[in-house]
Amino acid sequence: MKIALVTDEFHPINTFVLESIKKRGFHSVLFGSYITHKDVPWVEATVEAAKLVANGTCSEGIFFCWSGTGASIASNKVKGIRAALVSDAETARLSRTWNHANVLVLSNRSLTEKAAEEILDAWFEPYDTKLGQEGIEALNKLEALGEI
């Protein structure tokens, strides 16, 4: 599986998550400060990565910014992206089951290695398909709303 990884500012937690992804046997496609190790504009870097998730080049994404809020907002502007800003394992698990999130958004500011490992464990675990079906029905209702 290919996972898009993006950050606008490079922090040690970014390396930790990259290494964790590699240990899980996934391939990472890097964007933004993952490549430059310098600050980059968060909107552009996030949207560039989100487009590759939306078009199927990458199966999923893990996006960072200082609080996670900006990366979440920017990525959710890309059609086909369902980004979840997550700070704990249970929220990661629920975002997959109920919202079929395809982008995990994390905070460079507050994420610890311990929390990151727990969140990634939850994000990548299989979820209850019965509950997942209810999530699909909710997503279909959202899609039918279009833009309000």
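Since the structure is predicted, the reported quantities are computational estimates derived from the model, not experimental observations. All values below were derived from every heavy atom in this structure, side-chain atoms included, with hydrogens, water molecules and symmetry-related copies excluded.
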Any salt bridge linking K114 with E118? Criterion: basic side-chain nitrogen under 4.0 Å from a carboxylate oxygen. yes

Quick check against the 3.5 Å criterion: does R96 have a side-chain atom that pairs as donor or acceptor with the backbone of W123? yes

Would a distance-only check, ignoring hydrogens and angles, find a side-chain to backbone donor-acceptor pair under 3.5 Å from N102 to G80? yes

Do the side chains of [Y] and [X] get nearer than 4.5 Å, heavy atoms only?
X	Y	answer
W42	W66	no
F63	S72	no
V17	I62	yes
D8	N108	yes

Starting from [Y], can I reach [X] by hopping between I/L/V/M/F/W/Y residues whose side chains sit under 4.5 Å apart?
X	Y	value
V53	Y34	no
L30	F16	yes
I73	L106	no
L52	F64	no
F31	I3	no

To the closest 0.5 Å, what do you measure between [atom1] ([X]) and [atom2] ([Y])?
X	Y	atom1	atom2	result
M1	F124	CE	CZ	5.5 Å
T57	K51	OG1	NZ	12.0 Å
T36	F10	OG1	CZ	9.0 Å
S107	I13	OG	CD1	9.5 Å
R24	L120	CZ	CG	5.0 Å
K2	E60	NZ	CD	14.0 Å

Using the side-chain contact (heavy atoms from CB on, under 4.5 Å) rule, take L111 and I119 through it: C-alpha gap first, then chi angles, then the decisive distance, then the call. CA-CA 10 Å; L111 189 64; I119 288 167; 3.8 Å; yes

